[in-house]
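Please read the structure below before turning to the comments.
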Amino acid sequence: MSEGYSFAYLDAATKRMIRRALLKALAIPGYQVPFASREMPMPYGWGTGGVQVTAACLIPEDVLKVIDQGADDTTNAVSIRRFFERTAGVATTTHTQDATLIQTRHRIPEAALTEAQILVFQVPIPEPLRFLEPREAETRRMHALADYGLMHVKLYEDIARHGAIATSYAYPVLVEGRHVMDPSPIPKFDNPKLGDCPAIQLFGAGRECRIHALPPYTRVVSLDFEDHPFEATKAEAACDLCGAETSYLDEVITDDAGGRMFCCSDTDFCAGRRAAGHLGRLSEGAA
Amino acid sequence: MQTQALSGGFADPARDAAHAFRACLQAMARPGRGQPIPGATPPAPLSPAAGAVLLTLVDDTTPLFLAPGLDTPALRGWIAFHLAAPICAPEEAVFALGAWADLPLDRFRLGTPDYPDRSVTLIVEIDSLSPVTARLRGPGIATHQDARLPAIAPFVANRARYPLGFDCYFCAEESLSALPRSTFVEAL
Ligand SMILES: [Zn+2]
């Protein structure tokens with residue numbers, strides 16, 4: 001581990017400040033706690049909020065997994081993983097089941113999480129009402145009054161215009177019947193995993209200086225209407241590499257002639273299925 | 001007394017605080033469930049658990065109310081050396097430390113509608129986390145969790161103010177449990 005850094009990069013006073021914010025966030029699920037975000041040795045957009053939350057939570061015995069849109073091997077995921085190997089000396093893994101702390105950008109793993117795990121989300125814009133109301137004082141007031149009429153009007157306008165709610169990422173949720181929360185830009189396919197989850201879920205927005213949280217087993221409901229119930233949609237296909245029919249799929253263009261394939265966005269899930277002998281349409285040896 | 005003030009902190013501050021914080025995090029995330037939190041040896045009568053919570057969360061930016069039963073020169077010296085936290089009146093406290101009966105609940109900050117997080121965290125010394133006296137439900141709890149609480153009615157009233165309210169740690173020897181404002185409490 002590098003000399004000259006305190007454990008996991010951040011100094012003691014910064015860690016105490018972030019830790020206090022995390023505990024208040026857990027005490028008020030879905031409410032955004034302001035914190036004094038620090039400069040990190042990586043640009044905004046690279047998950048500085050998630051990195052600060054992870055740094056405040058890590059213990060030396062942790063096994064860390066970092067995913068970027070489901071993949072362990074993107075530049076962003078690799079660089080964050082190396083950062084914590086270097087500054088905290090923690091072990092890392094790509095296997096969801098082996099991880100004690102998972103930092104994620106824009107996905108929840110396919111494998112069911114456990115009570116022994118913490119999931120840390122990187123969040124670009126934590127305020128679900130921001131696109132309706134740019135003024136912070138106003139959105140804060142709307143949360144204080146639980147005045148979410150504008151959000152429902154927006155979703156209903158989607159239905160009037162598109163015949164369905166068009167929002168497919170960062171789909172807003174109501175937490176414990178009180179606070180509307182942005183779950184970060186996960187696909188709405190992942191929304192049902194937010195509620196009643198055995199793991200602790202923590203959300204860090206670095207540029208916007210906000211932390212929010214979901215304790216385990218929290219009631220989380222995706223906003224919808226009686227005549228247009230919420231649907232956790234995915235591409236209507238199976239993974240071309242492992243044949244999975246229930247996982248969230250990425251569509252990949254394979255050649256200039258418009259060839260395309262579907263594959264699991266969760267690369268560890270897909271690799272695990274292939275190792276267990278599952279085949280997809282494009283697998284070697286598949287019919 | 002001088003040497004006592006200087007001792008009793010974490011032996012390996014960054015790593016011991018990381019472990020202690022994980023205990024605080026797990027406790028606040030899973031109300032009523034006891035967590036081990038070793039590593040601190042503050043002056044008597046303060047429990048090691050309460051000492052570890054203080055060392056992990058309290059500093060010169062977080063005014064601390066010290067309840068009468070714990071307001072001793074030895075503890076003031078230890079707090080001044082290890083935390084540098086200003087000792088304050090209940091109305092200004094970010095943290096409050098004491099036995100349940102010594103904490104003036106009606107004087108603490110409960111947050112504001114715009115900022116419900118700007119509320120006190122109570123660090124409550126109790127003799128033991130068992131036997132259980134209350135049944136808890138709410139966020140962090142799959143069905144229900146039984147726990148020992150020093151009272152019932154104040155926590156029912158605290159939940160009724162949600163999302164305003166205070167949050168509590170209960171400390172006994174080297175263990176702690178937590179009760180956030182979000183928990184529904186009934187007597188067993
Ligand atoms: Zn697959």
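The analysis underlying the following values was restricted to heavy atoms, covering all of them including side chains, and did not include hydrogens, waters or symmetry mates. In this text, all values refer to a predicted model and were calculated from it rather than measured experimentally. Below, read A as the first sequence line, B as the second, and so on, with proteins coming before strands; counting in each chain starts at 1.
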Identify which part of Leu23(A) has an atom lying under 4.5 Å from any heavy atom of chain B, answering side chain, backbone, both or neither.
both

Does any heavy atom of chain A fall under 4.5 Å from the side chain of Phe166(B), the backbone, both, or neither of them?
neither

Let me know if Val58(B) has heavy atoms under 4.5 Å from chain A in its side chain, its backbone, both or neither.
backbone

Passes side-chain contact (heavy atoms from CB on, under 4.5 Å), Val120(A) versus Thr104(A)? Steps please.
CA-CA 6 Å; Val120(A) 175; Thr104(A) 180; over 6 Å; no

Where does the angle between the aromatic ring planes of His212(A) and Phe203(A) fall among parallel (under 30°), tilted (30 to 60°) and perpendicular (over 60°)?
parallel

Interface moiety of Leu10(A) toward chain B, non-hydrogen atoms closer than 4.5 Å:
neither

Determine, stepwise, if the pair Arg20(A) / Asp59(B) fulfils salt bridge (charged side-chain N to carboxylate O under 4.0 Å, His left out).
CA-CA 11 Å; Arg20(A) 290 190 296 262; Asp59(B) 59 25; 3.4 Å; yes

Under 4.0 Å between a side-chain nitrogen and a carboxylate oxygen: does that hold for Arg16(A) and Asp11(A)?
no

Max heavy-atom pair count under 4.5 Å with chain A, selected residue of Gly111(B), Pro113(B), Pro13(B)
Pro113(B)

Do Asp190(A) and Arg107(A) meet the salt-bridge criterion of a basic N to acidic O distance under 4.0 Å?
yes

Contacting moiety of Thr62(B), where chain A heavy atoms sit under 4.5 Å:
side chain

Listed by residue number, which members of residues 131-145 of chain A have a heavy atom under 4.5 Å from any heavy atom of chain B?
Arg140(A), Arg141(A), Ala144(A)

As an exercise: rank Leu214(A), Thr218(A), Ile200(A) by heavy-atom pairs under 4.5 Å with chain B and give me the winner.
Ile200(A)

Engaged part of Gln32(A) at the chain B interface, taking heavy atoms whose separation is under 4.5 Å:
neither

Scored by heavy-atom pairs under 4.5 Å with chain A, the best of Cys24(B), Ala178(B), Pro163(B), Ala14(B) is Pro163(B)

Select one option (side chain, backbone, both, neither) describing which atoms of Ala25(A) are under 4.5 Å from chain B's heavy atoms.
neither

Which residue pairs pass the ring pair (Phe, Tyr, Trp, His ring centres under 6.0 Å) test with at least one member in residues 85-117 of chain A, sequence neighbours excluded?
none

Counting heavy-atom pairs under 4.5 angstrom with chain A, the leader among Arg22(B), Gln26(B), Arg181(B) is Arg22(B)

Decide if the gap between the ring center of Phe84(A) and the ring center of Tyr9(A) is smaller than 6.0 angstrom.
no

Do Ser37(A) and Gln52(A) have a side chain donor and acceptor closer than 3.5 Å?
yes

Most chain A-contacting option - heavy-atom pairs closer than 4.5 Å, from Pro180(B), Pro116(B), Ala17(B):
Pro116(B)

Side-chain donor-acceptor pairs of residues 136-146 of chain B under 3.5 Å, sequence neighbours excluded:
unit_1, atom_1, unit_2, atom_2, d
Asp146(B), OD1, Arg135(B), NE, 2.9
Asp146(B), OD2, Arg135(B), NH2, 3.1

Decide side-chain contact (heavy atoms from CB on, under 4.5 Å) for Thr54(A) and Leu101(A); before the verdict, give the C-alpha distance in whole Å, the side-chain angles of both, and the deciding distance to 0.1 Å.
CA-CA 8 Å; Thr54(A) 296; Leu101(A) 194 152; 3.8 Å; yes

If you measure only the distance, is there a donor-acceptor pair under 3.5 Å linking the side chains of Arg109(B) and Ser119(B)?
no

Heavy-atom pair count under 4.5 Å with chain B, highest-scoring of Leu26(A), Ile28(A), Leu202(A):
Ile28(A)

Quick one: side chains of residues 95-103 of chain B, donor-acceptor pairs under 3.5 Å with protein atoms, not counting sequence neighbours, listed by atom name and distance.
none

